[in-house]
Amino acid sequence: MEIDKAIGESDDRRLKTKYNNAIYVIKRALALYSIEEVAFSFNGGKDSTVLLHLLRAGYFLHKMEQKCSNGGLTSFPIRTIYFENSSAFPEINSFTYDTASSYGLQLDIISSDFKSGLEKLLKANPIRAIFLGVRIGDPTAVGQEQFSPSSPGWPPFMRVNPILDWSYRDVWAFILTCKVQYCSLYDQGYTSIGSIHDTVPNALLSISDSGCKEKFKPAYLLSDGRLERAGRAKKFSPSITAAGNGSGGVESHKSSLLVASAIAVGEEILFGTVEDQLGLSLCRKIHSIGWSVSQTIVVRNDKDSVAEEVERRKSTNDMVFIYGGVGPLHSDVTLAGVAKAFGVRLAPDEEFEEYLRHLISDHCTGDRNEMALLPEGITELLHHEKLAVPLVKCQNVIIFTATNATELDEEWDCLIELTRSSGLLSTMVPYVSKHLQTNLSDVETAQPLSKLCLEFPDLNIGCYRKSRKGPLLISFEGKDQTQIDSAVESLCKKFHPGTFSEIH
Ligand SMILES: Cc1cc2nc3c(=O)[nH]c(=O)nc-3n(C[C@H](O)[C@H](O)[C@H](O)COP(=O)(O)O)c2cc1C
Ligand SMILES: Nc1ncnc2c1ncn2[C@@H]1O[C@H](COP(=O)(O)OP(=O)(O)OP(=O)(O)O)[C@@H](O)[C@H]1O
Ligand SMILES: [Mg+2]
């Protein structure tokens, strides 16, 4: 079998391991289910192309072990299903049909949606397990294992994901090593293919050409596999709403006011041993891009406390920033807390591991670098050349590793730079403010100020004192200078001239 031979002859040890693991999963599935009880979900994409060849190899090896092979694979009897869709790329359709005929696949073309198509299929056939080319990092992989029962509400079958732990790089290493054919779109800069309505070539592969038509490098040249979905423009838009919690964003979008909260993880702050300078600095930074800060929270170095806060904040804020508790120490529970908040586990991330290896060489604990464990399926690494380690983003939660305000400055600047083009942290209309002071008492100002708040509901009108005996400070904050000026004027008119003075 050429595939098994090509991998055997390759000196890519990592690919060999991935291959062997995938073949093991396929062989176990073929031992558990009869050939009539399994199906292969094939759609001509790169992942399912890899899976096709793995299945052929796995089926062949399974037969060999049963000692009933004649030495060559003449047929591939696993039922293959393709959900045809009018918005699929014609190149995908033709590649699927051509591949099916080249490899003698028994192709079932299903024209309805996934769920009802599967319902019908399972009614008419004894299928109990379906092979899928789902990989960690795919939005649909969250919470899945190599063997995962279908979700509640779906017809009952086992989802078998032999390449779940394969990276983008592994997929291309396999395709190129085994020299198998793949859909032509991947040579035109497409790195992940959805429908014609939501997929464009990946801009990271664009070749700037002063001439006319934009050109793209082939998919296998994308160096950062995490960005394979950068071309899934609409559906996987990196806008804040998509980055959010999946519940369609928060109310604040309507008034184009974006809201963030900051969570500090650190018992030392709660003990009063250390002052939380990062919180102050972060609030200023968030404010400086026109966002509003809804809460700053300090929690103990305890996984459940972190998870509880993250879970609460991620659904009511556009973005949650978290700092402290990141590293290899027993108290470094932030990533575990974030993973728990999203209901996923921590899993080794080879790319992150690579960065850490550069940083700490081989001084990791145990046989795996535990610092390289990241929330599975929801993590995106944000690289910047100025940062030794990329920033970690889990949907709408960003984790800073900074331990002081200077480090935070650097991470923040990189984050803003990195997200400028995606609109992830889009700069909103900036806040403007005016500050007044007065020697009036709180009692004298209370009622007029309450009325003023009703008159100007879009403004934040805040009062505070630096000392009980000192002046009362009143701040007017908002996004419209004329409103602020009117509010100040309206307040001043209620008292004798000279009662308030502006502080700059
Ligand atoms: C064979 C097959 C089985 C699926 N099983 C499930 C399932 O059990 N639960 C689920 O939520 N989605 C299931 N899906 C849907 C996928 O998770 C996902 O929504 C689908 O691949 C759409 O991806 P797209 O939006 O990128 O096209 C299944 C899809 C296929 C093709
Ligand atoms: N229309 C479809 N028909 C059959 N199977 C499908 C279809 N869409 C998705 N699948 C299954 O879901 C898997 C994951 O889909 P996904 O789009 O992530 O991968 P892919 O299409 O193989 O590669 P790419 O990420 O490059 O688009 C596929 O490998 C395939 O098993
Ligand atoms: Mg696809």
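Values below: all heavy atoms of this structure, side chains included; hydrogens, waters and symmetry mates excluded. Order of listing sets the numbers, starting from 1, for every ligand and every atom in it.
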among protein heavy atoms, the one nearest atom 4 (C) of ligand 2 is S41 OG, 3.2 Å
TODO: State whether the number of non-hydrogen atoms from other residues, nucleotides or ligands found under 6.0 Å of K5 atom NZ is greater than 12.
DONE: no
Would W166 and Y19 count as a close aromatic pair, with their ring centres under 6.0 Å?
no
Restricting to heavy atoms, the pick from S151, G143, P149 nearest atom 9 (N) of ligand 1 would be S151
The answer for which part of F157 has a heavy atom under 4.0 Å from ligand 1 is side chain
Closest heavy-atom approach to atom 2 (C) of ligand 1 among V134, L132, I130 is made by L132
For S41, the atoms of ligand 1 under 4.0 Å from one of its heavy atoms are 1 (C), 31 (C)
Output yes when the distance from some N or O of ligand 2 to some N or O of L132 is under 3.5 Å, and no in every other case. no
Heavy-atom contact under 4.0 Å between Y186 and ligand 2?
yes
I81 heavy atoms within 4.0 Å reach ligand 2 at atoms 4 (C)
Note: ligand 2 atoms sitting under 4.0 Å from heavy atoms of D138 are 18 (O)
Atom 14 (C) of ligand 2: closest protein heavy atom, distance to 0.1 Å, is G133 O, 3.8 Å
inquiry  = For F114, state whether at least one heavy atom is located under 4.0 Å from any atom of ligand 2.
reply    = yes
Any donor-acceptor pair under 3.5 Å from T80 side chain to I78 backbone
yes
- Message: Are any of the N/O atoms on N43, whether in the backbone or the side chain, positioned under 3.5 angstrom from an N/O atom of ligand 2?
- Response: yes
Here the atoms of ligand 1 under 4.0 Å from any heavy atom belonging to T140 are 16 (C), 17 (O), 18 (C), 19 (O)
With heavy atoms and a 4.0 Å threshold, my read on which part of F42 contacts ligand 2 is backbone
_Taking distance alone, with N or O pairs closer than 3.5 Å, would you say F131 contacts ligand 2?_
no
Looking only at protein heavy atoms, what sits closest to atom 1 (N) of ligand 2 is F83 O, 3.0 Å
Query - N, O or S atom of K46 closer to the Mg ion (ligand 3) than 2.8 Å - result: no
Min over V171, I193, T140 of heavy-atom distance to atom 17 (O) of ligand 2 lands on I193
Problem set entry | Side chain T177, main chain F174, donor-acceptor under 3.5 Å | no
Counting from 1 in the order shown, the ligand 2 atoms closer than 4.0 Å to a non-hydrogen atom of Y82 are 3 (N)
Under 4.0 Å from one or more heavy atoms of S150, ligand 1 contributes atoms 8 (O)
**Item:** Within-shell test, L118 vs ligand 1, heavy atom, strictly < 4.0 Å
**Value:** yes
State if T191 counts as touching ligand 2 under the rule of any non-hydrogen atom under 4.0 Å.
-> yes
Exercise for the section: Kindly say whether V306 contributes a backbone atom to a donor-acceptor pair with the side chain of E309 at under 3.5 angstrom? Expected result: no
At under 4.0 Å between heavy atoms, what of R229 touches ligand 2? The answer is side chain
Of L52, V134, D113, D47, the one whose closest heavy atom lies nearest atom 19 (O) of ligand 2 is D47
Ligand 2 atoms nearer than 4.0 angstrom to some heavy atom of S48 are 22 (O), 29 (O)
### Within-cut-off N or O pair, R229 and ligand 1, under 3.5 Å
no
